[in-house]
Amino acid sequence: MTIATTYQRAFNSKRVDPYPVEVLKRVDRPTTGIQDNEVRRVDERESGFMRCRRGDFGAHFKKEVDRFIQKFPLGGALSWMSGNLKDMVEGIASEHKAPLPDDPEVLARHIKQTAYFLRTDLVGICELPRYAVYSNTFPNGEEVHLTHKYAIAIIIDQDWRTAEAAVGNDWISGPMSFLSYSTSGFIACILAEYIRRLGYPARAHHARNYQVVVPPILLWAGLGEMCRVGDIVLNPFLGTRFKAAVVTTDMPLAIDKPIDFGLQDFCAKCEKCAKCCPSGSIPFGADAKEMHNGYEKWANNVETCTKQRVGNKTGSSCGVCINVCPWNKPYTPFHRFVEWTMRNVPIARRFAVWGDDIMGYGEPKLENKWWFDLEDVNGDGVLSVPVHSGSRGNYKPQE
Ligand code: SF4
């Protein structure tokens, strides 16, 4: 096939993305402030889970952090798979560049099509901000020297039907996270290897081996806005019900722009995650945003949030804030209409939580639960039925 034919085919096929990302309002900068010159690169050893591993949150949590996913067998299986991907992130690029068009638009479209072929749920591309590269990695503090120009962000849905049936801090929460971590990591490793075989350097970054901080990449790649839950990015089609991996590369790619779907106003009015959080880690208040290392955000309490996930006695990890969020919905015509309204009619946002509860989304559909609650209490492979399973604390759906 000639280059001209490849070019033509790349542009003649139908829409690339499975969700209508073309209807989203594009803006020049993320909707929450980032003071580019003031953001310093962060050390991976300072993240909540790494501090927990180091013992900053006490001996109990230092011990629990190694078992809080593995104690539920499905979480253990998914975590095992993502662990196997740890050393599959790098390789040497082919010396022979593939005979591809050198148009960044065509290449970006092809990379997105490849990511969707590999079963990504959404993908976006941005230039890699220098401040999104870790300064040092966990555990040895090795300095990171990553100079790639572009970042391809891959996001994977944690599964709506499971989220609908789950409380959020029960036994399936850890597997929901690690389904997305292991799948996005698997896809990122393949995509990076493919790009290297085309003759461009590339590196995968996933939950077991990041050299980059993911949230700013998601913002710049147009995959969401910063929400009330601290460093979490919320996507208009998936809510916060996803995890992400990244491929960095020097392949010349056209970039996406950040999006604005009214989330700052929505989160200011909503607060449902703050009301439901079992550990009270999410701040209340429309104007409770703060500046942290050059980022404007609602600052959650990293220590209590990490302790809740690691030390949860009623399940494996915790994702109550994900499950209760009004943006956590299936992709049906009705919910597309509601989502359009939330994006475009600011006054309707005031009624969103009320409407969400009226529709029955304040409570999980326990009748749809498909998994068995099991716990490996002593780490010896003996499984027992746990006495407790999670609950949503004091939250009462509005009437
Ligand atoms: Fe924002 Fe409400 Fe979702 Fe929390 S639950 S992240 S406040 S939309």
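Whatever order the structure lists ligands and atoms in, that order sets their numbers, starting from 1. Atoms considered below: every heavy atom in the structure, side chains included; atoms not considered: hydrogens, waters and symmetry mates. The first residue in the sequence is number 1, and the count goes up from there.
Taking atom 1 (Fe) of ligand 1 as the reference point, the nearest protein heavy-atom neighbour is Cys267 SG, 2.4 Å. Among protein heavy atoms, atom 7 (S) of ligand 1 sits closest to Glu271 N, 3.4 Å. Regarding atom 3 (Fe) of ligand 1, its nearest protein heavy-atom neighbour is Cys325 SG, 2.4 Å. Closest to atom 4 (Fe) of ligand 1, if we only count protein heavy atoms, is Cys273 SG, 2.2 Å.
For His205 and Tyr134, the ring centers are positioned 6.0 Å apart or more.
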Taking it one step at a time, do Phe72 and Trp371 satisfy ring-ring contact (aromatic ring centres under 6.0 Å, His included)? CA-CA 11 Å; Phe72 183 65; Trp371 61 95; 8.1 Å; no
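Below 4.0 Å from some heavy atom of Cys227 lie the following atoms of ligand 1, by number and element: 6 (S). Annotation for ligand 1: atoms under 4.0 Å from non-hydrogen atoms of Phe266 are 8 (S). Here is the list of ligand 1 atoms found below 4.0 Å of a heavy atom in Trp327: 8 (S). Per-residue contacts place Arg228 under 4.0 angstrom from the following atoms of ligand 1 (heavy atoms of the residue considered): 7 (S).
Classification of Arg29 and Asp36 as a salt-bridged pair holds, one side-chain N sitting under 4.0 Å from a carboxylate O. Under 4.0 Å is where a charged nitrogen must lie from a carboxylate oxygen, and between Arg54 and Glu46 at least one such pair does.
Within the 2.8 Å limit, Cys270 places at least one N, O or S atom next to atom 2 (Fe) of ligand 1.
Inspection of the Arg208 and Ser79 side chains reveals an N or O donor paired with an N or O acceptor under 3.5 Å. Counted by atom type alone, Thr304 and Ser279 present zero donor-acceptor pairs between their side chains at under 3.5 Å.
Ring orientation note: the planes of Phe337 and Trp340 are close to parallel, at an angle under 30° on the 30°/60° scale.
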